[in-house]
Amino acid sequence: MVERRPFSNLLAHLILWAGIIVVVFPVYYTLIASTHNPRDIFNGEIGFLPGGVPTENYKAALFAGAKQVKTTPATVMMLNSLAMALMIAVGKIAISIISAYAVVYFNFFGRMFAFWTIFVTLMLPVEVRIYPTYKVVADLGLLNSYWGLSVPLIASATATLLFRQFFMTIPDELVEASKIDGAGPMRFFWDTVVPLSRTNMAALFVILFIYGWNQYLWPLLITTDATMDTIIVGIRRQIVTSDANTDWHIVMATAVLAMLPPVAVVVFMQRLFVKGLVETEK
Amino acid sequence: MAEVGLKNVKKSYGGMQVIHGIDCAIKDGEFMVLVGPSGCGKSTLLRMIAGLEEISAGEISIDGRVVNDVEPKDRDIAMVFQNYALYPHMSVYDNMAYGLRIRGLSKAEIDERVNKAAGILQLQELLQRKPRQLSGGQRQRVAMGRAIVRDPKVFLFDEPLSNLDAKLRVQMRVEIKQLQNRLGTTAVYVTHDQVEAMTLADRLVVMNAGVAEQIGAPLEVYAKPASLFVAGFIGSPAMNFLAGKISGDGRAVELAGGARVALADGRFASSAGRKVTLGVRPEHLVQDGAGTAAHFQLAIELVETLGADTLLHGRIDGKGDGLIVRVDGATMVKSGQTLALHAPPGALHLFDGETGKRLSD
Amino acid sequence: MRKVGFNNKLLPYLLIAPQIAITAIFFYWPASQAVWQSFLIQDAFGTRTEFVWFENYEVLFKDPTYFNAFIVTVVFSTAVAALSLGIALLLAVQADKQIHGSGPYKTLLMWPYAVAPAVAGVLWLFLFQPSLGVLAKLLRSMGVDWNPLLNGNHAMILVIIAATWKQISYNFLFFLAGLQSIPKSLIEAAAIDGASPMRRFWTVIFPLLSPTAFFLLVVNVVYVFFDTFGIIDAVTHGGPAKATETLVFKVFQDGRLGGDLGGSAAQSVILMFMVIALTAIQFKYIERKVHY
Ligand SMILES: Nc1ncnc2c1ncn2[C@@H]1O[C@H](COP(=O)(O)OP(=O)(O)OP(=O)(O)O)[C@@H](O)[C@H]1O
Ligand SMILES: [Mg+2]
């Protein structure tokens, strides 16, 4: 530290803690609310401490869903979310790593064209072409299916670019050495490229899992069957604008359940998460 | 221009002490070099003088004023960093002018000072460039320029040449020395390179593990190293060390291998029987000429020809301690040969066997 | 792209095929459909279509609700980008100052990234729910007639808060990484040059952080354009009276109500061009890398 200024250091701590309180408060309050009974919530009388029904709301949310507006139980919705997130993460990583491998390690006719074809999609989210894409999925008969939920979101350039960038840093000597050892391209891929890419794959997996779990517009659009709802969409369905009909105690419990997996991933895989975040956005 | 005084300066990080009380008085206009192996605390000491690190205990004064609680900007010092720390988004001109602007100098005066410094350092052509458009040596000069425009009381250098290639390093070394001579500004210079230290310094502080082992002029340190550590650190190749003890009459050292090396007329009579380490520099061992008795028979194992000199590595009697001898480049010796060597009494250094301190002579 | 590779003829095509196929089917085909449809007008029964060039666009530009959505989007994205960047920068600078490391603060501040926008919306909706929200009550007790269900400004404030809250962690992480990549010696050099902490920030740190800031600005705008759909849908439904209807929300809403396929497609195409423009700016900027 260049200066010794106890006051400025104290101020820094105060600002940081103020920031942390702002960041934590909504979630804390949701957690609190999810343990109170519906009547107290409805009357706005829950205070800032845990309520008396720590498990009932969760049981209801997990196995029954909201009552006043009929919704799917959270267990089902979480499974849907999990399936969607995993398919997107695994699918993206799989097709990206092989396409990046093709672009980097092979000299084939149309390579640059292929690269740019993928590259152009970099920043165009599904939201901008939502209805035509919906129509394609509908025509393919994939509405209300896991395939329909995940496959269209697998088309994105980010992961391909990340792998391409990483492959460029693998020294040429490694290819030459394995050629001399008699390895063909697929052998080199499995024995060298994949093991070297492990950290990158893991980092990417963390980011993509969160991305997939948190999808909203797309699943909202292509699932009409309530049993196919993801948990993020499901929460939305539990809220009714004329709020007397909203089961807030269920909503709060469901919200906690919806946040839990991705937040846990971020907190427990902090290093991979930060790496993935920074590298996919280059 | 100013003196810099260090009084029992200490530094701890958390519970770990890394500087163990250093005393040193740097004279006005002096070029003082801090030298020592990596991690010995040179940078830490320099940064305490700069005000970038808190002083845990003791006192540092600049120009008679105790600066322990003075912020860097008010110490009137300038520093050249190892990575130069040039502001990448500013031109060379702005890099040099930045400190002057903050001090509120007039535009005309800033212009004059920057141009003058640029003239001295041959940077006139480069003033509008950004640091990334400069070569390593040019960046180094800009860093120097930024230090001299401010006309500070003290220059501080933290290994400023270590990012340059060998040739440029020698050239910049000369330039720094000339510049400091010309400006007459007190300078404190950190390096781990003993050649740099010897060539630049008016005096040097040889540091080891947070302790100043010796403070003195380069030749003094070379001629009379205060400890085994200093003796081994200064000089290249390093001094030869041989374990032994002072003979009963105090006139010679009896080496572990059995050889007897005569000392200059009984100066160590009072230490008779003491365990010592005998030191002799490779360049001071002489081939056994007429009239001197050989001390060692050195079986040569390796010959390194450097051109001007040749280094001979070998073992005493082919099985004892290893020795290095520096001989004239014209000498024709082959490995496998045996050489009779003599260590002149005047070139011997004795260090206490336990403490490693030099035995007074 | 590299000197050493393999020579197989068929293999590279097989490897790249899945990516290209998915991109073609779910990206290029729908995108071109959108462009094509934006030039068509369909009659009410969907039996006849007519090619009308830019008529759909003309209609759109004259449509006050589209203009409204545009203004809403501008206000919304400006507010969210400014607030979330400002707050994140403030926090990152304080965290970077910490001698004992920014680690714990980083952990405590970064996880909202993982909260889905729609869920973030629900959390804040619950806090500001006029009849039972704790913060709504606080506002009432202070004499504010708080009601985001009826008051358009209140609704806008609410979605801005939720969207900002969700985005702070992302910006914080990038700012912190940016700050930590500035060599310490640069700051020390500035201190020795006599610059006060404030001056150091504005003349040395901030200029060096500007590439990060610019990058984040573009990313934030794209975020506000698209990802906040979930927040708006969950909190206000674009209401009251379209006060929070952004461009993306309008595309969705118009499309869902059915009918005007051409107009909806035209809206999509305009959005696409906006993102392409932003991306292009981004790349230009990254290429030049400003200060380095
Ligand atoms: N911020 C710090 N916290 C804890 N220990 C430190 C810190 N800075 C330095 N040290 C320790 O203090 C000792 C001296 O470090 P210093 O940087 O002064 O070494 P140096 O002599 O400059 O070495 P080099 O030649 O490698 O630069 C080292 O053991 C180092 O590990
Ligand atoms: Mg150092």
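Protein chains get the first letters and strands the later ones, always in sequence-line order, with residue 1 at the start of each. Nothing here was measured: the structure is a model prediction, and the numbers come from that model.
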Heavy-atom distance under 4.5 Å to chain C: side chain of [X], backbone, both or neither?
X	value
A:Leu140	side chain
A:Tyr131	side chain
A:Thr133	both
A:Ala114	both
A:Ile210	side chain
A:Leu153	neither
A:Leu221	side chain
A:Val136	side chain
A:Phe189	neither

(request) Mind listing the closest non-hydrogen atom pair of A:Pro152 and A:Trp147 along with its distance? (result) CD-O, 3.6 Å
If you count heavy-atom pairs within less than 4.5 Å of chain A, which of [options] leads?
options	answer
C:Ser264, C:Ala234, C:Ala34, C:Pro18	C:Ala234
C:Ala31, C:Ser32, C:Ala114	C:Ala114
C:Leu271, C:Leu14, C:Val119	C:Val119
C:Ile168, C:Leu90, C:Thr23, C:Leu127	C:Leu127

(message) Is it the case that atom CZ in C:Arg140 sees more than 12 heavy atoms from other parts of the structure closer than 6.0 Å?
(response) yes
(message) Can you tell me if A:Tyr28 has over 12 outside heavy atoms packed within less than 6.0 Å of its OH?
(response) yes
Among the listed options [options], the residue most often paired with chain C at heavy-atom distances under 4.5 Å:
options	result
A:Ala264, A:Gly91, A:Ala12	A:Ala12
A:Val251, A:Val27, A:Ile235, A:Ile154	A:Val27
A:Lys92, A:Met186, A:Lys135	A:Met186
A:Ile118, A:Thr160, A:Ile232	A:Ile118
A:Tyr211, A:Phe25, A:Tyr134	A:Phe25
A:Val151, A:Ile130, A:Val267	A:Val151

(message) Checking the side chain of C:Thr212 only, and the main-chain atoms of C:Gly178 only, is there a donor and an acceptor separated by less than 3.5 Å?
(response) no
Note, [X] side chain near [Y] side chain (heavy atom, < 4.5 Å):
X	Y	value
C:Pro240	C:Leu150	no
C:Ile87	C:Trp165	no
A:Arg237	A:Leu220	yes

(message) To the nearest 0.5 Å, what is the distance between CZ on C:Phe249 and NE2 on C:His237?
(response) 6.0 Å
(message) Rounded to the nearest 0.5 Å, what separates atom CG in C:Asp227 from atom CD in C:Gln167?
(response) 8.0 Å
Heavy-atom proximity to chain A below 4.5 Å, by part of [X]:
X	answer
C:Leu173	side chain
C:Val248	side chain
C:Leu91	both
C:Phe225	neither
C:Trp111	both

(message) Is it the case that the side chains of C:Gln253 and C:Lys250 hold a donor-acceptor pair, with the cut-off being a distance below 3.5 Å and no angle test?
(response) no
(message) Let's go through A:Tyr101 and A:Phe163 carefully: what are the C-alpha distance in whole Å and the side-chain angles of both, what is the deciding distance for ring pair (Phe, Tyr, Trp, His ring centres under 6.0 Å) to 0.1 Å, and is it a yes or a no?
(response) CA-CA 8 Å; A:Tyr101 185 64; A:Phe163 282 123; over 10 Å; no
(message) As a quick check of understanding, evaluate side-chain contact (heavy atoms from CB on, under 4.5 Å) for C:Ile231 and C:Thr228, giving each step before the final call.
(response) CA-CA 5 Å; C:Ile231 296 179; C:Thr228 53; 4.3 Å; yes
(message) Using ring centroids (six-membered ring only for Trp), state whether A:Phe188 and A:Tyr105 fall under 6.0 Å.
(response) yes
(message) Cation-pi check for C:Phe172 against C:Lys106: NZ or CZ below 6.0 Å from the six-membered ring centre and within 45 degrees of the axis, yes or no?
(response) no
